[in-house]
Every structure is written in structure tokens, then in C-alpha cells.
Amino acid sequence: MKKLLAITVVIAVVLVCLWYLLKVTYLFAVYKVPTDANKPAIKPGDVIYASRFADPGLNNFLCFQKPGVPLSIFRCIGLPNDVIEIRTGIVYRNGKPVDEPGVWNEYLINKATLNSIIGYLTLNGHDLYTVNDSTASVAISKNDLRELKLNLQRRVTAKDSVNEMISKAYPGTHYNEDNFGPVKIPTDSYFVLGDDRHNAADSRYIGFINKDEIKATVINK
């Protein structure tokens with residue numbers, strides 16, 4: 001009986017040490033996502049798996065922590081020495097537009113059309129904002145528009161428009177979410193963006209992500 005107890009204790013200690021090692025080193029980590037900044041790829045409540053062994057390459061989701069910023073997860077859009085620019089909501093990498101058919105951007109939609117697809121939008125958690133009595137703005141992807149057979153006008157923030165909320169939250173930010181840069185990414189740094197493009201405090205606001213700030217790369221998204 002004593003031998004069995006000793007073996008049980010040893011196994012328990014080993015498991016605790018292994019869990020602690022994985023948690024601290026990020027060799028393998030499991031997170032339950034609390035935010036909606038990466039919809040539709042990662043929704044609130046989704047469980048994601050990440051590892052330090054995985055490559056922090058283009059289009060991968062990076063888990064990182066900057067000083068004064070909680071542990072965050074965003075998609076890698078730019079690599080070291082890339083030049084990133086956002087013009088009228090379109091991301092350019094090294095002068096070429098990035099194809100992002102699954103990313104949510106904002107589109108204008110009239111109330112009649114909105115009512116016809118409200119069930120789809122509610123089911124999938126799309127962001128909706130009222131523009132005026134007859135028009136709303138919906139966060140939706142090109143893929144969704146193609147599936148729903150809709151031809152909507154893109155809603156883009158004018159370059160000279162100042163977002164007071166952004167300016168207050170991030171002093172010194174002289175741009176808006178649809179117009180940024182161009183900036184060259186420093187060596188050993190990365191540029192990240194949220195997939196819910198108008199609902200993410202990403203590199204447009206918190207700056208480049210240094211490789212030393214990256215804890216792990218998501219491996220199941």
C-alpha cells in the first residue's frame with residue numbers, strides 16, 4: 001500500500017512539473033479565447049493550441065505579450081524587413097495588395113437587405129452598426145458576400161478622418177484603421193492584424209511585435 005502511494009505521489013509530481021514546464025516555456029499551450037478581435041477565424045470561447053516550435057510565419061496566429069499589454073493573439077501580416085501599408089482598408093505588403101477573402105471589413109447595407117440575412121449574421125456573430133434610419137454597417141468578408149450573393153459598398157474611413165476613441169486610447173496615433181503607413185518592419189519583428197479588422201487593437205495601435213515577445217504560434221487555426 002505504501003509503495004502504491006509513493007508511486008502515485010511521484011506520478012503526480014511529475015505531471016505537475018511537466019505542466020509547469022509546458023506553461024512557462026510555451027513548448028505547448030492551450031488557451032480559451034476571451035475576445036472577438038479575430039472573428040470569424042477565432043471566435044470568443046474557442047480553444048486554441050499553440051507551440052513555440054511552430055513557425056511564426058505569414059498568416060499564422062501569434063501569441064505574444066508586450067509590456068503593458070495582456071497576452072494577445074493576432075494574425076501575422078508582415079515579416080522582418082517587409083513594408084506594410086494600409087490604403088482605404090486594403091493591406092499592402094511590399095507594394096502588393098494582400099488577398100484577404102476571409103477577413104471582416106465594413107460594408108454598407110440597406111435595412112431591407114439586412115432583414116433578409118439577419119438570421120445568417122446573428123448566427124455567425126457579425127458586427128452591426130446603425131449608420132442612419134435606412135442604412136447599417138456590417139462587418140463581413142468577401143467570402144460571405146459571395147456566398148450570400150450580395151454586392152455591397154465598402155465602408156472606408158477617410159484618410160483625413162480622426163477617430164477620437166483611437167486617439168484617446170492610443171495617444172500619438174495619427175491615422176485611422178483604414179489608412180496606415182507605409183512602415184518598414186524592423187529586423188526580428190513582425191506586424192500583426194486582427195481578422196475582425198475594425199475591432200482589433202493590433203499592430204496599428206500597439207506597434208511591431210518583437211520575436212522575444214512571441215510566446216508561441218497557434219497550430220490549430
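Residues take their numbers from the sequence shown, with the count starting at 1.
Counting all heavy atoms, side chain and backbone alike, Asp55 lies closest to Thr217 at O-CG2, 3.5 Å. The two residues Glu100 and Val91 make their nearest non-hydrogen contact at OE1-CG2, 3.6 Å. Residues Asp195 and Val103 come closest through the heavy atom pair O-CG1, 3.2 Å. Considering every non-hydrogen atom in both Leu193 and Asn38, the closest pair reads O-OD1, 4.1 Å. A pairwise comparison of heavy atoms in Thr187 and Pro80 identifies CA-CB, 4.2 Å as the closest pair. Closest approach of Glu177 and Ile86 over heavy atoms only: O-CG2, 4.2 Å.
The pair Lys159-Asp178 does not meet the salt-bridge criterion, since no charged nitrogen lies less than 4.0 angstrom from a carboxylate oxygen. No salt bridge links Arg93 with Glu85; every basic N to acidic carboxylate O contact stays at or beyond 4.0 Å. Ionic pairing of Asp36 and Lys43 is not present here: no N-O contact between side-chain nitrogen and carboxylate oxygen is shorter than 4.0 angstrom.
The local environment of NZ in Lys111 is crowded, with over 12 non-hydrogen atoms from other residues, nucleotides or ligands closer than 6.0 Å.
Using a 4.5 Å heavy-atom threshold, the side chains of Ile209 and Ile214 count as touching. Taking the side chain as every heavy atom from C-beta outward, Val47 and Val30 approach each other to under 4.5 Å. Side-chain atoms of Tyr190 and Pro56, non-hydrogen and from C-beta on, do get closer than 4.5 Å to each other. Looking at heavy atoms from C-beta onward, Thr135 lies out of side-chain contact with Thr130 at the 4.5 angstrom threshold. Side-chain contact between Leu145 and Ile140 is present, with heavy atoms from C-beta onward closer than 4.5 Å. Two residues are said to be in side-chain contact when any heavy atoms from C-beta on lie closer than 4.5 Å; Asp127 and Val138 fail this criterion. Here the side chains of Asp188 and Asp212 are not in contact, with every heavy-atom distance at 4.5 Å or above. No side-chain heavy atom of Val83 sits less than 4.5 Å from a side-chain heavy atom of Tyr92.
Taking the six-membered ring where tryptophan is involved, the planes of His126 and Trp104 are essentially parallel, since the angle between them stays under 30° and well short of 60°.
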Test Arg197 against Asp202 for salt bridge (Lys or Arg N to Asp or Glu O under 4.0 Å), laying out the working first. CA-CA 9 Å; Arg197 201 49 54 83; Asp202 45 39; 5.1 Å; no
Please report the C-alpha distance between Ser137 and Tyr107 in whole Å, then the side-chain angles of each, then the deciding distance to 0.1 Å, and finally whether the side-chain contact (heavy atoms from CB on, under 4.5 Å) criterion is met. CA-CA 5 Å; Ser137 177; Tyr107 291 82; over 6 Å; no
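Remark: the backbone N or O of Phe53 is paired with a side-chain donor or acceptor of Ser51 at under 3.5 angstrom. Of the possible donor and acceptor atoms, one in the side chain of Ser72 sits under 3.5 Å from a partner among the backbone N and O of Pro70. In this structure, the side chain of Ser189 does not engage the main chain of Ile185 through any donor-acceptor pair within 3.5 Å. At distances below 3.5 Å, not a single donor-acceptor pair connects side-chain atoms of Asn179 with backbone N or O atoms of Arg87. Arg75 places no side-chain N or O within 3.5 Å of a backbone atom of Leu58 that could act as its donor or acceptor partner. A side-chain donor-acceptor contact under 3.5 Å links Asn176 to the backbone of Ala158. A distance-only check finds a donor-acceptor pair linking the side chain of Asn220 to the backbone of Tyr49 [under 3.5 Å]. A donor-acceptor pair under 3.5 Å links the side-chain atoms of Asn124 to the main chain of Tyr120, judged by distance alone. Listed for the Lys39 side chain is a donor-acceptor partner under 3.5 Å among the backbone atoms of Gly125.
Taking the centre of each ring, Phe180 and Phe191 come in below the 6.0 Å mark.
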